[in-house]
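Down below is the structure, laid out as structure tokens.
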Amino acid sequence: MATYIVRRVFYMIPTLLVISFLSFLIMQAPPGDFLTSYIAELSASGEQVDLELVESLRATYGLDEPWYVQYWLWISRFVRGDFGTSFEWNVPVRELIGQRLALTIFISMLTLLFTWIVALAIGVYSAVYQYSIGDYIVTTIGFLGLATPNFMLALILMYIAFQVFGISVGGLFSPDYTNAPWTWGKFVDLMKHVWIPVIVIGTAGTASLIRVMRANLLDELKKPYVVTAQAKGVPAWRALFKYPFRVAINPFLSTIGWLLPALISGDIIVSVVLSLQTTGPLYYRALLSQDMFLAGGLLMLLAILTVIGTLLSDILLAWVDPRVRYE
Amino acid sequence: MADPQVEIGRSAPAEEAGQTSTYATASQWQLIRRKFRRHRLAVVSVWVLVLLYGMALFAQFLSPHDPFEFNDKLVGAPPMRVRIVEDNKLQRPFVYGYKRTVDFATMRRYYEVDPETKFVIRFFAKGFSYELWNLFPTDRHLLAAEDGGYLHLLGTDRLGRDMVARILYGARASLSIGLVGVLISFVLGLVIGGISGLVGGVVDDVIQRLIEIIRSFPTIPLWMALAAIVPKEWPQLWVYFGITIIVSLIGWTSLARVVRGKFLSLRDDDYVVAARLSGGGNAWIIRKHLLPAFASHVIASLTLAIPAMILAETALSFLGLGLRQPFISWGVLLQEAQNVRSVALMPWVFTPVLFIIVTVLAFNFVGDGMRDAADPYA
Amino acid sequence: MKRYRWLTGLVLSLVLAGVLFSANAQSYQEAPMLAEMVAAGELPPVDERLPANPMVIEPFEQIGQYGGTLRRALRGPSDGNGWRTIATEALFEWDFGRAVAIPSLAASISANADSTVHTLKLREGLKWSDGHPFTADDLVFFYEAVLLSPDVVGSAVGVDWKRVAGVQTEIVKVDDTTVEFRFGAPYALLEQGLAYHGDTALAPKHYLSQFHADFVPEDELQARVEEAGVDNWAQLFIQKNSVYLNPDRPVMGPWKVEVAFPADQMVAVRNPYYWKVDTEGNQLPYIDRIVTDLIQDAEAITLRASAGDIDFQYRHIRFSDLPLLAEGAETNGYQVLRWSDTTGWFSLYMNQSHADPVMRELMQNVDFRAGLSHAIDRETMNELLYLGTGEISHPAGLAGDPYFEDGFGQRFLEYDAGLANELLDKAGVAERDASGFRLRPDGERLTLTISTYPFETGASSVDAYELVAQYWEDVGVQTIVDLKERGLWTNFVTSNQHDIAGYLTASVLWNLNPTWYVPTASNTYWAPLFGEYYASGGSAGEEPPELFKRLQTLYDDLTTTLDPEANLELGREILRAHDENVFMIGTVKVPFQPVIVNSDLVNVLDQGVADFRLRHEGQSKFYQLSFQNP
Amino acid sequence: MAEAAVDREPTKVLEVENLKKHFPIKAGLLRRQVGQVRAVDGVSFHVEAGETLALVGESGCGKTTTGRLILRALSPTEGTILIRDGERVWPMHRLTAQELRSARRSAQMIFQDPFHSLSPRMTVIDIISEPLILNGVRSGSTRERRVRELMDVVGLPQQYLNRYPHAFSGGQRQRIGIARALALNPKLIVADEPVSALDVSIQAQILNLLQDLQSEFGLSYLFISHDLRVVAHISTRVAVMYVGHIVETGVTEDLFTRPLHPYTEALLSAIPEPDPHVDSEEIVLAGEVADPSHPPAGCIFHPRCAYAKKVCREEVPSLRRIEGRGESSRWVACHLADELTLRGAGLPAPQESEGG
Amino acid sequence: MTEKSAPTALSRAEISADVLLELKDLHTHFHTDDGLVRAVNGVDLTLRRGRTLGVVGESGCGKTILSRTVMRIVPEPPASISGHIFWHRQNGEIVDLATYPVKARQLREVRGKEISMIFQEPMSSFSPIHTIGNQIAEALLVHERVSKKEAQERTIEMIGMVGISQPDKRFHAYPFELSGGMRQRAMIAMALVCRPTLLIADEPTTALDVTVEAAILKLIKSLQAQLGMTVMIITHDLGVIAKMADDVAVMYLGKVVEQGPVEAIFDAPQHPYTRALLKSMPRLSNTGSRLEAIRGNVADPYTVLPGCAFFPRCGEGEQDRCTAAMPPLVEVGDDHLVRCVMREGVAHGRGSG
């Protein structure tokens, strides 16, 4: 097991290097650079830019260097934990990400909780009562969540929240609480807002999890050991939850690692529509404005989390499933 | 025979019944079809899809109006109701026109049903001219309002364009993007996965690592970057193909995994060994045994991949990276509707969502059914 | 001594403002929150904080009361103009909603006989928000150490008077409160220029010089660079120089940023050293705080506004959302004002310097342009986009602009397909191909590409140009609307690659950035090559034909002609050229810009002009806004 | 290994000498090979023309691997495999892929699981004619004639030509598999547990068929099985395998009645004879089957052998000929073969009941 | 066969006192999409205390379903059960297990406690992710009020009893860590940990090698003697039957076609099917001769033929008599019953004699 982990970590290095390189290429791929979009932004608001000044700015930010020089500068600093400074925000990337991390993780966790509770309950139900009317109904609802474009749902819920509940939309707090220190009131205010993203992001994920849970459980329910448990006189619910459920949930548990990057990125589109104070909109904006270090930092962070997440998943799988552990 | 499922599920042959039963000569696909039919929701969904694709195929014929024809008299008009009763008498189906009033204080248009203007609906009536499939020039339409009238069964958009026509035309792009995208994914997945599974060793390692890397990539930036690579000079049709390729990039890795897995598991199956012992080379084995063996599984995976592609197109359009008007796709229609005033004032411009949902649902159910039926011998 | 300075200040302010000071002459009043700080000894008394001659402002409607928080929303850090326009000060400022520059930080300005040297006197005793005196040194520091420095850039936006007639301007300190602007030629636009871009010219030398290589030893500076985690001191300087992302930077504006983005909410608190008072001697501003929420999505901003969570804003508020906004106004306690819009045309910039000679000849042919113009059904467009309330004209100035003459921009407007065909035939594109499309004189199919990007001015640009394209196709001109990403569009059209650019046109104060009407830079979208020629002094671009050269000469004259009448005539001649030639084909202009205003807010300009050059909402002078019930 | 070397006569259809198959075990950081599973570890035997040699042993002993090695479905690590078809001798162990195609006409395989060895996507005619197509029978009608002929031979009604395997019972499927194996007129058939997946009644049908075919076409079988009752019934000679080694060979009857290796004795004692009157005392072997990746020193069977002595723990016994302990030659790999007197299979049952 | 009880002639009354399980007209039908499968189609059987009943038949004859029907662990639906399963408790109480609803607590109390079962596939019959100790102890925890510690102790004891060395260590082992034989022993431990009255062994050795099979059969026998259990062993292998059973029931297509004491069945089989089975069996004793195969295959489970189901494969029958009606079960000897019209005459003769 230990050598396995060591080997996997060892493999991560070239993978991450390739990813960092690809990340950089992706950031460089769109024509123009941060200044191009900055100038466009300025001229769109009516400003006339001084092209001489722009060239000077380009030199200041090193954007006039060839891409491989820029890459080398970026990655060599990245390795040292220096993610550079965001052009647009004028703030070190690390700080920028750090600031939004807590709330992002909070929402992601909440969404996860929502998704899991709903998905597991429905998944178990529809597996146990396979082909019943209830199964068809929850399956359809699940798929409906999958089929509805997230951003649409976000927009509609946002409008409903505003119209019906009078909730001030955009972000996770009312303006009064945005910069306020944490109090009970602020928490309540957060909870008033947070259900929209949780539902919107959750529904899409729930549907697929329901399918996975249902399929896994159906597979497991066919296994002879279920009959064994039955023959032992174990009550049905206990037989269900102790055996097939435990086995069926394994692939689930192992996806926890995969959620790691999702915790950070969130659902970008939804968070943009809802103007959440999470990393998602930061990321989207950075990509659009070609805020290279910010976009690159986030991209790399996500890639690293994905790779670590995968490793974690495998370790977790080995932990929950003795069969894997001993292989 | 420990497992009762096996015992009852496996139909023993009816040898004694001398006649050749259809079951006995039923090929794999016939059996799949038979098993598929048991999944009732899937069967219904197949018909729904046939209907949807029929709509896309005959979009021009089915559209009562030109999807680009704007109507300054009916900007953002709500759906018209088809009526058959007037003055308590049964009539040919017809719709009433709208009377428009504008509140200049709020800059809002109000539409009121105007019983004075009445447009009778004609079948196979004349309307705008078009060339069906670029082959048959005609101006016949399934439905159209009587000469000079309007028939906006799903309302009009902010420029007074007919939503029915736009949805129908949009179906052409949106429904084909899934298919084409899946086709590209399929070819990529098949070739790369096949090589990976067949050659094995270092090649397999490298391909697996590549897949892992691609999957490590968050999709949104990948899309954004790739969408940015699509040259801006390209005409819309090329952009469409460009977007399709981008969208298909999300699919091929998982398909390659399916293919590889199947290759690996089938490679050592007894009947494949038997074919090898009979003198079959790699090409023969792949063609005669491996491909047919996982074709059904792959098709099931493909079916399940299509809805993701359709949704990806809408998401790309939403981000402003995908197709754009004047090209019509469901994603474009949604992008146009993507604002609060549409939600509040003209919710009917969201009808494309219903079509997306139905399509995605249908593909998912069909895919589900296909997956269950993919292995009729299980 | 102190007392004497105070007296002089009082006298000066009385004289300059021309207003009788009826309030208690012994002292100024200040906001309660500042009074508390003074009481606590954290702040010197208000009289010591104010300059000798504070600028006296007569509120728009009434004397306000202290207190309250004004709420706005911006979409991100690059939305900084939304803050700049309402909260920064300059040497001159615009009068309420008019393009008239009045002295602001400047106490007075005078010029020599030929207007080549302007002497500007600052108010006496001005202080930065940290209490440090604001002097001529700060102005010279900005000009020499920032704007003209080869190493550091303050911003991509320069100042309008950096070069006059090709000669670099000099700024010379005369004494602590006096500077001289020395131009290479007579200069007529300094006051307007200082009002327009003046805020960028304020740099607190005492603060910023710690980040400047000319003032700090290299190793010390390097330490600061590393501490900040940036690459070089220029980046550090840019970072520190931001009035809106750096809370430490001293400012001269009414509010000073306390919490900056990337916080989810930017908070700005009154500047205790603010140097304006109302006619009753109350130190401005009235409002304590301005909070600006960071809301990335424009839809969410719309919803915020209709929920009454925005107090005064038109940025990101769209004409098309009016029905929605009007709905919530009453219940949510706000009103929707209608400010006139000066830029909201969907214009078609006919590229006069087209790279393809055949196309260039067509583009330069007035019949061609007139024909295309007549082909557009503007009434229908108006109906579709603006419920028939939009304004139909070509962009050639606008009523309210001093250079505008009634009747400008009204040629070739009526929809007449027959006339359009006739004119197009006459322009040499009479031949048609099998599909019915017109052919260019060289026999190729005539295809016009309208290059634009998705923007909105009450309606979507994509919709508008699509409509135009359909009308043009109706008269046999194949038309493609090419949507580009904004940055790419800018590159594309400034490098003369386009047939027709689809964009807005400015109509007031164009004399400060003339590129709209005179090809003076490559961003003159209707003749980039000629503009580039002008900007580079003939070293790049292409020498324009006489017609365009004449416009350039006219503009040169305009900048140096001091006589008001002669100056006006020069401008009119420029606009007249546009009226006659329609280099920019106009379609329909948005009727007004809706402005969300909290019903409790007073002193709001009710008939403003939605224009960047007039500083957007800032023209309503936020420092004198006041809540009735703060 | 000595056996094959000594008598190499033209009557031998198959000669296997010192055959080894080692599967690598990879582990560690760089996936280096850290060991090997000695699935087949130096096996030698031969099959005479027209005889059935049974290869018996418990699961995991390497008998299936051996069968696949012979037909080069797996490549051997070491050793020689010669298949003789008339005048031609195929050195299977070193044939190229191209040569193998020809060689495989001489030797074919019947698989254990009739559900997995037939492609469910092909009809009977497709399945049986596959080897014909691959070996150059171009004409469709010739092929069909041959397929019909083969169906007759294995007792499948010709009208089932166009049926799919799923329409057949296990026994019928096995017949299809046999027909496919016969299609190219091989000399040798490797039958890998051909009846162990079948019901007892069907088992009999197939065993009878195999016997009939053998006499009709002069086939030689390498019959791989774990079922000693079946082996006793069908084989001419038996080779007993234990963890990659052959521990004993001999003529069937001889070996069953007088085993020379303690492992053979244990195997025989465990056969459940379908006769309630037979009351044998089976030998329960201690411990577990040896791990083929870490075989014990000395005799591979010694940890479980009740008779093991010091020599057994230290020296590897070679397969040696034992004369005079039966009607024919016997080979055994046991140090103690000369000392031990081991128990054979249960006595013949008394009289058959009525109808027997 | 030292433990095998000698066949004794018991009177009817004595037999009934000795009865443990009585199946009366038991049917288990499956409703499938392809039609109705009559897996168990009217079975009458009696199990007597302390004896071993072997149920033998080919695949698809319904023997496994029969055993599961007794425990009521066939899935209902699609299965539906009718008839009677009389379970005679030690205290004289007789319950009909067929009458309880499928989720009844009473059934659960019988399962694992009074009747328990071992399965063919010891690997898949254990949950892969729980230790065997955990799974064995569970039966105790479910049925008896014992502490976890006590359950563990008793489990370890049981693991030792089935011949697994180092039972306290193996308690914590996972199924995949054990060899096939060890797993089957663990399975037996699981079945026996509550000391059931009846042990049903469903093909307990089919997946095992011959030497391991012998050991497992021996173990079952010795445990039976030790614990005084009744055993019902399901197998297709007549060798196992011969070795293990006191009584034999031969099943064909959901019906018992012949039953009786093992010697009677092997020495004087009455039903043509039984005879054919015996003859098709390869034996060491007649290696040279040709096997007599049964022609054809087991019929399609969906089609119902009138009369005797075996008739199409039977060489002895007469068209008219055999296809007229399902032949009744007739007694041809002491406790020896057969379902064949061809034996009716014989039966009467014997019965009367």
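Numbered from 1 within each chain, the chains take letters A, B, ... in sequence-line order. If you're wondering where the values come from, they're calculated on a predicted model, not measured in any experiment.
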Just by modelled atom types, is the C/Thr342 backbone N or O under 3.5 Å from a matching donor or acceptor in the C/Ser507 side chain? yes
Salt bridge (charged side-chain N to carboxylate O under 4.0 Å, His left out) against C/Glu226, all qualifying residues, sequence neighbours excluded: none
Without swapping roles, check the side chain of A/Asp291 against the backbone of A/Phe87 for a donor-acceptor pair under 3.5 Å. yes
Heavy-atom proximity to chain C below 4.5 Å, by part of A/Gln99: side chain
Do C/Asp311 and C/Arg72 sit within salt-bridge range, that is, some charged N less than 4.0 Å from a carboxylate O? no
Can you tell which part of C/Ala228 gets under 4.5 Å to a heavy atom of chain A, answering side chain, backbone, both or neither? backbone
Sort A/Arg77 into side chain, backbone, both or neither according to what part of it lies under 4.5 angstrom from a heavy atom of chain C. side chain
Counting only non-hydrogen atoms closer than 4.5 Å, does A/Glu95 touch chain C with its backbone (N, CA, C, O), its side chain (CB onward), both, or neither? neither
Which bit of C/Phe455 comes within less than 4.5 Å of chain A, counting heavy atoms only: side chain, backbone, both or neither? neither
Would a distance-only check, ignoring hydrogens and angles, find a side-chain to backbone donor-acceptor pair under 3.5 Å from C/Asp264 to C/Asp293? no
Quick check on C/Thr69 against chain A: is it the side chain, the backbone, both or neither that has a heavy atom closer than 4.5 Å? neither
Ion pair C/Arg315/C/Glu617, N-O distance below 4.0 Å: no
Tell me, side chain or backbone of C/Ala506 under 4.5 Å from chain A's heavy atoms, or both, or neither? neither
Who are the salt bridge (charged side-chain N to carboxylate O under 4.0 Å, His left out) partners of A/Glu55, not counting sequence neighbours? A/Arg58
Which region of C/Thr515, side chain (C-beta onward) or backbone (N, CA, C, O), has a non-hydrogen atom less than 4.5 Å from a non-hydrogen atom of chain A, or is it both or neither? side chain
Does any heavy atom of chain C fall under 4.5 Å from the side chain of A/Tyr61, the backbone, both, or neither of them? both
